[in-house]
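Worksheet: the structure to be examined is printed underneath.
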Amino acid sequence: MSNSVKVINRSNNPLPVYETELSAGMDLRAFIPENVSIKPLQRILIPTGLFIELEKGYEAQIRPRSGLALKHGITVLNSPGTIDADYRGEVKILLINLSDAEFLVSNGDRIAQMIVSKHEQITWEDAKILTETARGAGGYGHTGV
Ligand SMILES: O=c1ccn([C@H]2C[C@H](O)[C@@H](COP(=O)(O)OP(=O)(O)OP(=O)(O)O)O2)c(=O)[nH]1
């Protein structure tokens, strides 16, 4: 695809931008009529006012911002959230407050970031056995610390 993505911005905030030259993600802003308080352990779905149309083979991921996570315990509950290429609804952000203090979100606050990535769709090849490997079924730290 060309790198352009169709977007409708129904918010009163600017379109997301890459904050630095080589940023992978664009910060997404809350589009809310009034301030929202997120209490400890509360989860809340926050609108962005953005509607996007990704081309086939692309997805957008909604990821936390590390600064909000470190300073305020605010993260994306379903991280990374997935925006499918056939989704035509509003992009929303599911935040959770993992701190012990209330957190206030105002309209225009940059609360998460969006990364657009290519992805594959697979087909299943029904099999009786899988190729052997040194790892086998080992996982969950089986190689030690
Ligand atoms: O953080 C998110 C995650 C999803 N969505 C939108 C876009 C996505 O394409 C759609 C469905 O998301 P997902 O597939 O994660 O939801 P589901 O719980 O599997 O529901 P569905 O049965 O509608 O697919 O919801 C968002 O706006 N924000």
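As the structure is a computational prediction, the values presented were derived from the model and not from experiment.
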Which heavy-atom pair separates Phe51 from Glu90 by the least distance, and what is that distance?
CE2-N, 3.4 Å
I need the minimum non-hydrogen distance between Pro40 and Ser99, along with the two atoms involved.
CB-O, 3.3 Å
Identify the two heavy atoms, one from Gly108 and one from Asn13, that lie closest to each other, and give their separation to 0.1 Å.
CA-OD1, 3.4 Å
Between the side chain of Arg135 and the main-chain N/O of Glu132, is any donor-acceptor distance below 3.5 Å?
no
Decide whether Leu28 and Val17 are clustered together by the hydrophobic rule: side chain heavy atoms of Ile, Leu, Val, Met, Phe, Trp, Tyr closer than 4.5 Å, transitively.
no
Does NZ or CZ of Arg10 lie under 6.0 Å from the centre of the six-membered ring of Phe31, at an angle within 45° of the ring axis?
no
Side chains of Leu50 and Pro16 in contact at under 4.5 Å (non-hydrogen atoms):
yes
Minimum heavy-atom separation for Ile93 and Ala112, please, with both atom names.
CG2-CB, 3.8 Å
Would you say the side chain of Ile111 lies within less than 4.5 Å of the side chain of Ile74, judging by non-hydrogen atoms?
no
Working to the nearest 0.5 Å, report the span between CD of Gln113 and OG of Ser79.
9.0 Å
State, to 0.1 Å, how close Gln61 and Ser117 come at their nearest heavy-atom pair, and which atoms those are.
NE2-OG, 3.8 Å
d(Lys39 NZ, Ile44 CD1) to nearest 0.5 Å is 9.0 Å
Linking I/L/V/M/F/W/Y whenever any side-chain heavy atoms sit under 4.5 Å apart, do Leu54 and Val7 land together?
yes
In terms of heavy-atom contacts, does CG of Leu130 have more than 12 from other residues, nucleotides or ligands at under 6.0 Å?
no
Output the distance between atom CG (Asp86) and atom CD (Glu53), rounded to the nearest 0.5 Å.
10.5 Å
Backbone N or O of Val116 within a donor-acceptor pair of the Glu59 side chain at under 3.5 Å?
no
In this structure, would Ile52 and Met26 fall into the same cluster of hydrophobic residues linked by side-chain contacts under 4.5 Å?
no
Euclidean distance, Asp84 CG relative to Lys56 NZ, rounded to 0.5 Å
14.5 Å
Report yes if the side chains of Val36 and Leu104 come closer than 4.5 Å at any heavy-atom pair, otherwise no.
no
Any donor-acceptor pair under 3.5 Å from Thr75 side chain to Leu77 backbone
no
Got a second to check how far Thr123's OG1 is from Glu120's CD, nearest 0.5 Å?
11.0 Å
I'd like to know if Val5 and Tyr87 are part of one continuous hydrophobic network [Ile/Leu/Val/Met/Phe/Trp/Tyr, side-chain heavy atoms within less than 4.5 Å].
yes
Taking the side chain as C-beta and beyond, is there a heavy-atom pair between Ile62 and Leu94 under 4.5 Å?
no
At what distance, to the nearest 0.5 angstrom, does CG of Asp27 lie from CZ of Arg110?
5.0 Å
Expected output: side-chain Asn107 to main-chain Ile32 donor-acceptor under 3.5 Å:
yes
Residue pair Thr48 / Val91: nearest heavy atoms and the distance that separates them
OG1-O, 2.7 Å
For Ile129, is the CD1 atom crowded, meaning more than 12 foreign heavy atoms sit under 6.0 Å from it?
no
Heavy-atom side-chain contact between Asn97 and Leu41 under 4.5 Å
no
Short question: side chain of Thr133, backbone of Gly136 - any donor-acceptor pair under 3.5 Å?
yes
Would you indicate whether the side-chain heavy atoms of Val105 and Ile38 approach each other to under 4.5 Å?
yes
When clusters are formed by joining ILVMFWY residues with side-chain heavy atoms under 4.5 Å apart, either directly or through shared neighbours, do Leu45 and Leu98 land in the same one?
yes
Do Phe103 and Leu68 touch side chain to side chain, with heavy atoms closer than 4.5 Å?
yes
